[in-house]
Amino acid sequence: MIISEYIRSKSECHTAGNKFLIWKISNNKDFVPCFMDGETEFLFFHLLIRGGSMVVRHDGNEYHIDHSCYAVFMDSSKLEIESMSDNIQAYLMWLAPNYAKSITNGILPLSASFVLKRRQTPIDKLEQHLVNLLFQRMDCLWECCMDKQHLYMKEQVKHAFLMWLLDLANIYNRMEDNDHKDAKPDRKKILFVEFMKLLPIHASEEHSLGFYASALCVTPQYLNRIVKNYSGKTVCEWIYQTLVGLITKQLETTDDSMQKIAMDFHFVDQSALAKFYKRQTGYTLTEYKKGKVHI
């Protein structure tokens, strides 16, 4: 079942725009296996289970997820939910990468190490008080999505999402700080992390692989290989993804002309900016500006 159909079939399923969905799952005795398909777009699937258990399939692998677990599945447009216990208490949230970046001005609070570790091990067992905290944030987010008549629903959802994201980042960044005390340095990993730190600082001005390789004192080929091995994306894919997030944020928060935005992000002209944005997102700057699409 594709996502648009899934939304219509579930009263517990709410969405804000076409880039975000949250599903509150509780006491689901009438559950039938379902297949969530974002069609051509890669999504992030976040799953938080406070009680019960669930079995999902992602990228050809089956995962058994128990209570007090948080899981995130990325780099795919599909997630299959095969089964769940009758006493399930959980939230499933999916979002397009640009949705989070548009809220955080293109700079996500989660570290590059978080992404690396989740690609290798998507499921974590958390202490119960941390699960309860994240669950409370998702309760708030879900309730904001329910009030379709609220004049500022879109803004409420974004702020509630940001609160959840900051708590998630606080939990995992603290875990990472503790892990670093005894960890031995990995030069390749350090290189990747340093590249990810440079991106939000320079992406608006520097769009080339060569700049980042030079800044990190390595060859372009070596940097691209390390980034690809650690993240599954090339350097240019990361640059473009970050750049799209920054452009989208400026479209959303300012009344700047397309020509000014083109200058701010160092495109030769408005036409070059428009072609880039269309190629990366599938829709035009004008469509976004007029509110016909939502990030």
Side-chain angles (χ1 to χ4, degrees), residues 1-3 6-7 9-16 19-29 31-38 41-97 99-100 108 110 114-145 157 160-172 175:
M1 179 181 295
I2 64 172
I3 287 175
Y6 198 82
I7 294 171
S9 70
K10 287 290 181 181
S11 61
E12 307 89 354
C13 223
H14 296 280
T15 183
K19 302 291 182 180
F20 166 86
L21 177 143
I22 185 168
W23 177 20
K24 185 175 185 178
I25 311 170
S26 60
N27 299 322
N28 220 26
K29 295 181 179 180
F31 169 78
V32 293
C34 57
F35 187 74
M36 304 185 74
D37 189 351
E41 183 167 25
F42 278 9
L43 300 170
F44 287 86
F45 296 93
H46 297 267
L47 184 59
L48 181 67
I49 299 182
R50 184 164 65 178
S53 61
M54 183 181 294
V55 179
V56 304
R57 182 174 295 276
H58 178 263
D59 199 22
N61 298 311
E62 187 176 82
Y63 298 92
H64 295 254
I65 311 174
D66 293 321
H67 65 89
S68 303
C69 281
Y70 164 72
V72 56
F73 302 99
M74 57 188 75
D75 298 331
S76 175
S77 62
K78 299 175 177 62
L79 181 72
E80 184 176 359
I81 305 176
E82 296 184 340
S83 65
M84 62 178 69
S85 61
D86 290 344
N87 63 337
I88 189 74
Q89 290 185 346
Y91 272 107
L92 174 64
M93 178 170 64
W94 66 254
L95 59 146
Y99 182 83
L108 293 176
L110 292 163
F114 171 86
V115 177
L116 293 177
K117 290 179 180 178
R118 300 293 78 70
R119 282 195 170 97
Q120 298 169 357
T121 309
I123 304 170
D124 278 324
K125 189 83 169 181
L126 299 179
E127 296 179 16
Q128 190 61 47
H129 74 280
L130 298 178
V131 174
N132 290 339
L133 173 62
L134 293 177
F135 213 86
Q136 289 172 5
R137 297 301 188 209
M138 284 191 160
D139 276 337
C140 178
L141 182 54
W142 186 77
E143 289 170 2
C144 289
C145 289
V157 169
F161 174 81
L162 183 59
M163 289 178 65
W164 169 82
L165 182 62
L166 291 174
D167 273 325
L168 183 71
N170 179 61
I171 291 169
Y172 276 94
M175 288 181 181

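Values in this document were obtained by computation on a predicted structure and should not be read as measured data.
At least one cation-pi condition fails for R137 and F135: the charged atom is not both under 6.0 angstrom from the six-membered ring centre and inside a 45 degree cone around its axis.
Using a 4.5 Å cut-off on side-chain heavy atoms (C-beta onward), P122 and V72 make no contact. In this structure the side chain of F73 reaches within 4.5 angstrom of the side chain of Y63, judged on heavy atoms. When side chains are defined from C-beta on, M175 counts as touching L126, because their heavy atoms get closer than 4.5 Å. V55 has its side chain out of reach of M84: every pair of non-hydrogen atoms, C-beta onward, lies at least 4.5 Å apart. With a 4.5 Å cut-off on side-chain heavy atoms, M93 and L141 count as touching. Counting only heavy atoms from C-beta outward, the side chains of I65 and Y70 never approach each other to under 4.5 Å. Inter-residue side-chain proximity for L166 and L162 is flagged as met; some heavy-atom pair is nearer than 4.5 Å.
Residue E62 holds its CD atom at 14.0 Å from CG of D59, rounded to the nearest 0.5 Å. One finds the NE2 atom of H129 at 10.0 Å from the CG atom of L134 (value rounded to the nearest 0.5 Å). To the nearest 0.5 Å, the span separating CG on N87 from CZ on R50 amounts to 12.0 Å. A distance of 12.5 Å separates CE of M74 from CG of L79, quoted to the nearest 0.5 Å. Interatomic distance, CG of D139 versus CH2 of W164, reported as 14.0 Å (0.5 Å rounding). Atom OG of residue S26 and atom CG of residue D86 lie 12.0 Å apart, to the nearest 0.5 angstrom.
Annotation for A169 and L110: closest pair CA-CD2, 3.5 Å, computed over non-hydrogen atoms. Nearest heavy-atom pair, H64 versus I123, reported as atom, atom and distance to 0.1 Å: O-CD1, 4.3 Å. Here the shortest heavy-atom pairing between G51 and H67 reads CA-CB, 3.8 Å. The nearest pair of heavy atoms linking D66 to S53 is OD1-CB, 3.7 Å.
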Residues M54, I49; criterion side chain to side chain contact (heavy atoms under 4.5 Å, CB included); working and verdict: CA-CA 8 Å; M54 183 181 294; I49 299 182; 3.8 Å; yes

Could you walk me through whether L95 and L21 pass side chain to side chain contact (heavy atoms under 4.5 Å, CB included), step by step? CA-CA 6 Å; L95 59 146; L21 177 143; over 6 Å; no

Assess whether side chain to side chain contact (heavy atoms under 4.5 Å, CB included) is satisfied between L130 and D167, documenting all intermediate values. CA-CA 9 Å; L130 298 178; D167 273 325; over 6 Å; no

Are I22 and L92 close enough, and set up right, to give a side chain to side chain contact (heavy atoms under 4.5 Å, CB included), and what steps lead you there? CA-CA 6 Å; I22 185 168; L92 174 64; over 6 Å; no

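For the residue pair H46 and Y91, no side-chain donor N or O sits within less than 3.5 Å of a side-chain acceptor on the partner. Looking only at atom types and distance, the side chain of Q128 has a donor-acceptor partner in the side chain of S68 under 3.5 Å away.
Salt-bridge formation is not detected for the pair D124/K117: no Lys NZ or Arg NE/NH1/NH2 atom is positioned less than 4.0 Å from an Asp or Glu carboxylate oxygen.
Between F161 and F20, the ring planes are perpendicular. Angles over 60° get that label, and only those under 30° would be called parallel. Between H58 and F45, the two ring planes are perpendicular [angle over 60°; tilted spans 30° to 60°].
Looking only at distances, no side-chain donor or acceptor of K24 sits under 3.5 Å from a matching main-chain atom of E143.
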